[in-house]
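In listed order, ligands and their atoms are each counted from 1. What you are looking at is a predicted structure, and each value in this text was computed from that prediction instead of being measured. By convention here, the first residue in the shown sequence is residue 1.
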Amino acid sequence: MIIVTGATGRIGRALVDRLDRHAVARRAVVRQPRHVAELGGDVTLADFADPRSIRAALVPGARLLLNGVPGPDFVHQQRSIIDLAAEAGVAQLVKISVRGAAPGALLAQGQHGEIDDHLRASGLPYLILQPVGFMQNLLPEVSFTDGEGRFYGSYGSGPVGYLDARDIADVAAALLTRPVEANATLTLTGPEAYTHQEVAETMTAVLGRPVHYVDLPVAAMAQRLRAAGLPPAFADDLARLMRDVGDGRWADTTDTVQAITGRPPRTLATFIADHATSWT
Ligand SMILES: NC(=O)c1ccc[n+]([C@@H]2O[C@H](COP(=O)([O-])OP(=O)(O)OC[C@H]3O[C@@H](n4cnc5c(N)ncnc54)[C@H](OP(=O)(O)O)[C@@H]3O)[C@@H](O)[C@H]2O)c1
């Protein structure tokens, strides 16, 4: 049995679809009643805010995908679920983390760093997947006005090896359906790194409509994020994170997706073509 938390998210939904296509026994964990019928099959209603509700979905010998969204109580919740999974006799936990996770790092990287360390010390067999930024982020970030697309950041000329979240689901599916292997932390990237200017050029070429990347000083980017409604401290840290990425720290790519799935990760052009109607 493979138990998938965050089953309605960008990774979880693709993973559930893939497991269903291959008739692999799975249990989807969702928090909203409307998703029970939508996903169908074996679905448990549970909320990370009540870790015991997650515990009720767990069975001895199961493999667990732990996925969720960073927030104020994220570290406590995910650590509790790891402890409950160990208590329940889960055979292996595969956790979605983030590239650069380390205690004390900015935003999600800091939170994941604390949780990843907890998992490593838990005694549970584990695999930690540390993906770089998702191509799917472009869906809400690029907006079109008068036929021209724009997105904003403080990345300068630092390239990023953006990854399609569908590839993370494919990696998770492969790992969760083969025998439990040695604990490891795996960095996942797309096939090549792009500057944000190159992302805009690729979108322009594939969509046939002009798309512009607008690079802002970090203070102006933080102000823009605040104006969009993000909490001030979060907006400031996010803009700083963008600036940090500008030093090229995420410019290298790994062959992990190819090694685990047997095929190369999806290119940015493929992602854009597959989602072309999303920006209309
Ligand atoms: N976005 C990126 O570029 C990026 C890069 C690297 C790593 N990551 C990491 O990837 C992980 C997933 O991010 P994502 O953007 O893919 O998320 P996502 O698509 O929004 O999926 C999150 C899932 O978690 C579920 N969830 C949220 N709060 C819950 C709760 N209290 N109880 C039960 N389920 C809950 C959501 O359910 P609902 O449908 O009910 O909301 C959804 O199914 C995060 O840990 C993030 O830090 C993201």
Side-chain angles (χ1 to χ4, degrees), residues 3-17 27-39 43-58 64-82 84 93-102 105-116 119 128-142 151 153 155 160-169 171-172 185-190 194 196 199 234 237-238 241-242 245 249-250 254 256-257 265 268 271:
I3 300 169
V4 181
T5 64
T8 54
R10 295 180 283 192
I11 299 168
R13 196 175 280 270
L15 174 59
V16 167
D17 285 349
R27 173 168 297 160
V29 180
V30 301
R31 63 172 163 168
Q32 302 183 53
R34 69 187 171 92
H35 287 137
V36 174
E38 188 187 314
L39 283 175
V43 182
T44 298
L45 258 184
D47 196 308
F48 295 144
D50 175 13
R52 285 167 306 170
S53 68
I54 306 285
R55 170 72 176 85
L58 306 179
L64 173 65
L65 180 90
L66 182 58
N67 188 21
V69 182
D73 209 23
F74 186 61
V75 173
H76 170 71
Q77 289 172 2
Q78 294 242 319
R79 284 177 162 181
S80 300
I81 293 164
I82 289 166
L84 291 168
L93 191 152
V94 175
K95 176 184 176 288
I96 306 299
S97 177
V98 64
R99 187 168 194 181
L106 284 176
L107 299 173
Q109 289 176 325
Q111 294 190 322
H112 278 300
E114 290 185 43
I115 302 160
D116 292 357
L119 177 56
I128 297 172
L129 306 185
Q130 297 192 329
V132 72
F134 301 169
M135 293 176 184
Q136 276 76 3
N137 296 346
L138 289 169
L139 295 169
E141 283 174 1
V142 179
F151 63 112
Y155 300 103
V160 179
Y162 283 112
L163 174 68
D164 191 321
R166 295 173 295 180
D167 286 324
I168 307 172
V171 165
T185 299
L186 305 169
T187 302
L188 306 181
T189 74
Y194 320 83
H196 289 76
V199 170
F234 186 89
D237 281 354
L238 185 53
L241 186 63
M242 291 176 174
V245 169
R249 66 186 62 190
W250 285 358
T254 67
T256 312
V257 172
L268 181 62
F271 169 81

| query | For Gln130, is the nearest heavy atom under 4.0 Å from an atom of ligand 1? | reply | no
| request: May I ask you to list the atoms of ligand 1 that are less than 4.0 angstrom from any heavy atom of Ile96? | output: 10 (O), 11 (C)
| task | Return the residue, atom name and 0.1 Å-rounded distance of the protein heavy atom closest to atom 23 (C) of ligand 1. | result | Gly6 CA, 3.6 Å
| field | Exam field: side chain Thr5 to backbone Asn67, donor-acceptor pair closer than 3.5 Å | value | yes
| said: Regarding atom 1 (N) of ligand 1: of the candidates Ile54, Asn137, Leu188, which has the closest heavy atom? | reply: Asn137
| task | Please report which non-hydrogen protein atom sits nearest to atom 36 (C) of ligand 1, along with the residue it belongs to and the distance in Å to one decimal place. | result | Thr8 OG1, 4.0 Å
| message | Ring-plane angle category for Tyr155 and His196, please: parallel below 30°, perpendicular beyond 60°, tilted otherwise. | response | parallel
| message | For Thr254, give me all partners under side-chain hydrogen bond (donor to acceptor under 3.5 Å, both in side chains), at least two apart in sequence or on another chain. | response | Thr256
| remark: One finds that the ligand 1 atoms under 4.0 Å from a non-hydrogen atom of Gly133 are 3 (O), 5 (C)
| query | Under the criterion side chain to side chain contact (heavy atoms under 4.5 Å, CB included), which of Thr8, Ile54, Leu58 is the partner of Val29? | reply | Ile54
| query | Going through the checks in order, is the side-chain contact (heavy atoms from CB on, under 4.5 Å) test met by Asn137 and Arg10? | reply | CA-CA 10 Å; Asn137 296 346; Arg10 295 180 283 192; 3.6 Å; yes
| message | For atom 11 (C) of ligand 1, what's the nearest protein heavy-atom neighbour? Residue, atom name and distance, please. | response | Asn67 OD1, 3.2 Å
| query | Between Gln109 (side chain) and Arg99 (backbone), is there a donor-acceptor pair under 3.5 Å? | reply | yes
| message | Please work out, at 4.0 Å between heavy atoms, whether the side chain, the backbone, both, or neither of Gln77 comes within that distance of ligand 1. | response | neither
| remark: Note: heavy atom closest to atom 28 (N) of ligand 1, options Gln78, Arg13, Arg31, belongs to Arg31
| field | Minimum side-chain heavy-atom gap Thr189-Leu163 below 4.5 Å | value | no
| query | Heavy atom under 4.0 Å from ligand 1: found in Arg10's side chain, backbone, both, or neither? | reply | both
| Ser97 neighbourhood, listing ligand 1 atoms whose heavy-atom distance to it stays under 4.0 Å | 7 (C), 8 (N), 9 (C)
| message | Test your reading of the model: is there a side-chain donor-acceptor pair from Ser97 to the backbone of Leu129, 3.5 Å cut-off? | response | no
| Between Gln136 (side chain) and Ala165 (backbone), is there a donor-acceptor pair under 3.5 Å? | yes
| task | Give yes if a backbone or side-chain nitrogen or oxygen of Asp47 is under 3.5 Å from a nitrogen or oxygen of ligand 1, and no if not. | result | yes
| task | With sequence neighbours left out, write down each residue that passes side-chain hydrogen bond (donor to acceptor under 3.5 Å, both in side chains) with Thr185, or none if nothing qualifies. | result | Arg120
| query | In the protein, what heavy atom is nearest to atom 17 (O) of ligand 1, and what distance, to one decimal place, separates them? | reply | Val69 CG2, 4.0 Å
| Which ligand 1 atoms are under 4.0 Å away from a heavy-atom of Pro131? | 6 (C), 7 (C)
| Between the main-chain N or O of Leu138 and the side-chain N or O of Tyr162, is there a donor-acceptor pair closer than 3.5 Å? | no
| said: Suppose I only count heavy atoms of Gly68 and a 4.0 Å limit; which atoms of ligand 1 are within that range? | reply: 11 (C), 12 (C), 24 (O), 44 (C), 45 (O)
| Under a heavy-atom criterion of less than 4.0 Å, does Val132 contact ligand 1? | yes
| request: May I ask you to check whether Phe134 has an N/O atom sitting below 3.5 Å from an N/O atom of ligand 1? | output: yes
| Does any N/O atom on Phe48 come nearer than 3.5 Å to any N/O atom on ligand 1? | yes
| said: So, taking the atom named NZ in Lys95 and the one named CD in Gln78, what distance separates them when rounded to the nearest 0.5 Å? | reply: 6.0 Å
| field | Numbering as shown, the atoms of ligand 1 that approach Gly9 to under 4.0 Å (heavy-atom distance) | value | 18 (P), 19 (O), 21 (O), 42 (C), 43 (O)
| said: What protein heavy atom lies closest to atom 46 (C) of ligand 1? Include the residue and the distance to one decimal. | reply: His112 NE2, 3.8 Å
